[in-house]
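What follows is a single structure, written as structure tokens, with notes after it.
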Amino acid sequence: MAFSADDHRFMSLAIQLAEKGRYTTRPNPCVGCVLVKDRQIISEGWHYRAGEAHAEIHALQQLPREVKAENITAYVTLEPCSHQGRTGSCAMALTDRKSTGIIRVVYGMEDPNPLVAGKGLAILRESGCVVDGPLMEAQAAALNQGFIRRMQSQRPWVMAKIATSIDGRTAMASGESQWITSAPARRDVQRLRAQSCGIISGIDSILHDNSRLSVRREDSDLANIDDILQHPPLRVLLDTHLRIADDDNLSANIFDPSSAAQVLVFTSTAVTDSKMEKVLSLNGSVGDVSVVSPMIKVEQVATTETGHLCLEQVLTVLATRYECNTVLVETGATLLGGFIDAGLVDELIIYQAPVLLGSDARALANVSLARMQEKVALTITDRRMIGDDLRITAQFH
């Protein structure tokens, strides 16, 4: 059907509202809703956090009492849910015409969740509601790339973050890398971490940099940082031989209990029970700090012929057992190369500093290519200055 200028305007606003939940809705999708009567906006809503009111319910709750419940159109970025979850069916709530007055629903895209997948739209149509869409589908889908990927492929959307010099180097030959980029770039990285369900790194990077793999309050300028830190992204460590269990490594910052973030360690099926127990024993206390609930979990996955963890299986576990929509890979050239070689990176975010590190410094990623025809093609989707650094966002074909 042909949509009006008003339809586009109201859906555009709904998409903007959905963006407000980008850092807090996981594992749920970001959704926005606008209620309109006589071409005037009468209520707005968005989904803020899993377990709380969905966008449609939020908007219905904000309806002014003086507005007569009739001839109302709802604009919603994602098909209203049809199943009874923690908050009930939004499609059913919208069909209660006596209390809502909704006679038309315009949706941005269908819900890829198999529990919904057109069922919400069917409920609306069966109730006599006019249902139009999809409208601005590409923009609506861009809100929830990770959720869509998890629902359709049972793996997360994978972003890889790299800080490089202008000659494409990520660290000195010694491994020294702090800091290549500027403070504004590091603040921007906190946004990437905050919108991710998990932050992935390898054991070599952890042992060398002693990173916490956490969202850092002191480096963040996010207004809702307190809410984000209540439900921070998983800290995910890939450690084939469980070297983190060595006595000298058990005090690594990744186990810092001051963060509420759970630590998820992936290791091989060949690792001994004694090593597993040594890591899991930290759940009782970390240093002098008591840990009330299990902070550390260990998952064992298969290894490849080269003796490395099966990265595809790692991502499947993250999606199916831990409901990860989007993960951020922050690691060295070897593990990043492994992800790229396996075709598992969806998006590269490169922070390029205006410095030279020289030919002896470490490369961006260890990807083995022998001929020009093997080159990996990328599409640049965004480029902008962050402080003195250039941030390039590129997706794989």
Report the residues that fulfil ring-ring contact (aromatic ring centres under 6.0 Å, His included) with W157, sequence neighbours left out, ordered by chain and then residue number. none

Under a plain distance cut-off of 3.5 Å, with no hydrogens placed, do E299 and Y322 share a side-chain donor-acceptor pair? yes

Other hydrophobic cluster members with M372, side-chain heavy atoms of Ile/Leu/Val/Met/Phe/Trp/Tyr under 4.5 Å, chained? none

Taking atom CG of L78 and atom CE of M109, what is their separation to the nearest 0.5 Å? 6.0 Å

Sequence neighbours excluded, which residues qualify as salt bridge (Lys or Arg N to Asp or Glu O under 4.0 Å) partners of D221? R191

Distance col, row R235:CZ vs I254:CD1, nearest 0.5 angstrom, shows 6.5 Å

Flag side-chain contact, heavy atom, 4.5 Å: L213 against V236: no

Does any N or O in the side chain of E374 come within less than 3.5 Å of the main-chain N or O of R371, such that one atom is a donor and the other an acceptor? yes

Is there a donor-acceptor pair under 3.5 Å between the side chain of S205 and the backbone N or O of G332? yes

Donor on one side chain, acceptor on other, Y351 and D188, under 3.5 Å: yes

Apply side-chain hydrogen bond (donor to acceptor under 3.5 Å, both in side chains) to D132 and list each qualifying residue two or more places apart in sequence or on a separate chain. R104

Would you check if the side chain of N210 reaches a backbone N or O of A252 as a donor-acceptor pair within less than 3.5 Å? no

Which atoms form the tightest heavy-atom contact between G338 and L311, and what is the distance? C-CD1, 3.6 Å

Using a distance-only test with no angle check, is there a side-chain donor-acceptor pair under 3.5 angstrom linking T334 and N366? yes

How long is the span from the CD atom in Q195 to the CG atom in N325, to the nearest 0.5 Å? 11.5 Å

Side-chain (T320) to main-chain (T316) donor-acceptor, under 3.5 angstrom: yes

Within the distance-only criterion (no hydrogens, no angle test), does the side chain of S268 pair as donor or acceptor with the backbone N or O of A270 below 3.5 angstrom? yes

Hey, are the side chains of E137 and E110 touching, using non-hydrogen atoms and a 4.5 Å cut-off? no

Rounded to the nearest 0.5 Å, how far apart are CZ of F10 and SG of C33? 12.5 Å

Inter-residue atom distance T77.OG1 - Y107.OH, 0.5 Å rounding: 13.0 Å

Quick check on the hydrophobic clustering: are V345 and V376 connected, directly or via other members, by side-chain heavy-atom contacts under 4.5 Å? yes

Could you tell me whether R149 and D346 make a salt bridge, using a distance below 4.0 angstrom between a side-chain N and a carboxylate O? yes

So V158 and E347, do their side chains get closer than 4.5 Å, heavy atoms only? no

Pair D256 + R212: basic N to acidic O under 4.0 Å: yes

Salt bridge check: are D6 and R39 linked by an N-O gap of less than 4.0 Å? yes

Might you confirm whether atom CE of M92 has over 12 heavy atoms from other residues, nucleotides or ligands at distances under 6.0 Å? no

Going by side chain to side chain contact (heavy atoms under 4.5 Å, CB included), T73 matches just one of V130, I102, V106. Which one? V106

Side chains of T393 and I380: does their closest heavy-atom pair fall under 4.5 Å? no

Contacts of Q16 that satisfy side-chain hydrogen bond (donor to acceptor under 3.5 Å, both in side chains) - sequence neighbours left out: none

Looking at D382 and R384, is any side-chain nitrogen of the basic one under 4.0 Å from a carboxylate oxygen of the acidic one? yes

If you draw a 6.0 Å radius around CD in E66, do more than 12 non-hydrogen atoms from other residues or ligands fall strictly inside? yes

Evaluate the side-chain proximity of T303 to C310: yes if any heavy-atom separation is below 4.5 Å, no if none is. no

What residues form a side-chain hydrogen bond (donor to acceptor under 3.5 Å, both in side chains) with D227, not counting sequence neighbours? Y48

W179: hydrophobic cluster co-members (side-chain, 4.5 Å): none

What I'd like to find out is whether the side chain of L356 reaches to under 4.5 Å of the side chain of S165, using heavy atoms alone. no

With sequence neighbours left out, the residues meeting salt bridge (Lys or Arg N to Asp or Glu O under 4.0 Å) with K375 are none

K37 (side chain) donor-acceptor with K68 (main chain) under 3.5 angstrom: yes

With sequence neighbours left out, what residues match R49 under side-chain hydrogen bond (donor to acceptor under 3.5 Å, both in side chains)? E52

Evaluate whether atom CZ of R125 has more than 12 neighbouring non-hydrogen atoms of other residues, nucleotides or ligands under 6.0 angstrom away. yes

Tell me every residue that passes side-chain contact (heavy atoms from CB on, under 4.5 Å) with P233, counting only those two or more places apart in sequence or in another chain. R26, I199, V215

So salt bridge (charged side-chain N to carboxylate O under 4.0 Å, His left out) across residues 197-209, not counting sequence neighbours, yields D204-R243

Among all residues two or more places apart in sequence or in another chain, which pass the side-chain contact (heavy atoms from CB on, under 4.5 Å) test with T272? S274, K275

Are any side-chain N or O atoms of T267 and backbone N or O atoms of T240, one a donor and one an acceptor, separated by less than 3.5 Å? yes

Going by atom types alone, do D388 and S182 pair a side-chain donor with an acceptor below 3.5 Å? no

Checking T25 side chain against R22 main chain: does a donor-acceptor pair fall under 3.5 Å? no

Quick one, I72 and V36 - any side-chain contact, counting heavy atoms below 4.5 Å? no

Per side chain to side chain contact (heavy atoms under 4.5 Å, CB included), C90 is matched among H58, E79, E56, H47 by E56

Taking T181 for its side chain and A353 for its backbone only, find out whether a donor-acceptor pair lies under 3.5 Å. no

List the steps, then state whether salt bridge (charged side-chain N to carboxylate O under 4.0 Å, His left out) holds for K278 with D246. CA-CA 9 Å; K278 201 169 183 181; D246 295 345; over 6 Å; no

According to a 4.5 Å side-chain heavy-atom criterion applied to Ile, Leu, Val, Met, Phe, Trp and Tyr, with indirect links allowed, do V301 and L264 form part of one hydrophobic cluster? yes

Does some side-chain heavy atom of I200 sit less than 4.5 Å from a side-chain heavy atom of L328? no

Are the side chain of D38 and the backbone of Q40 linked by a donor-acceptor contact shorter than 3.5 Å? no

Enter the distance from R150:CZ to E323:CD here, rounded to the nearest 0.5 Å. 5.0 Å

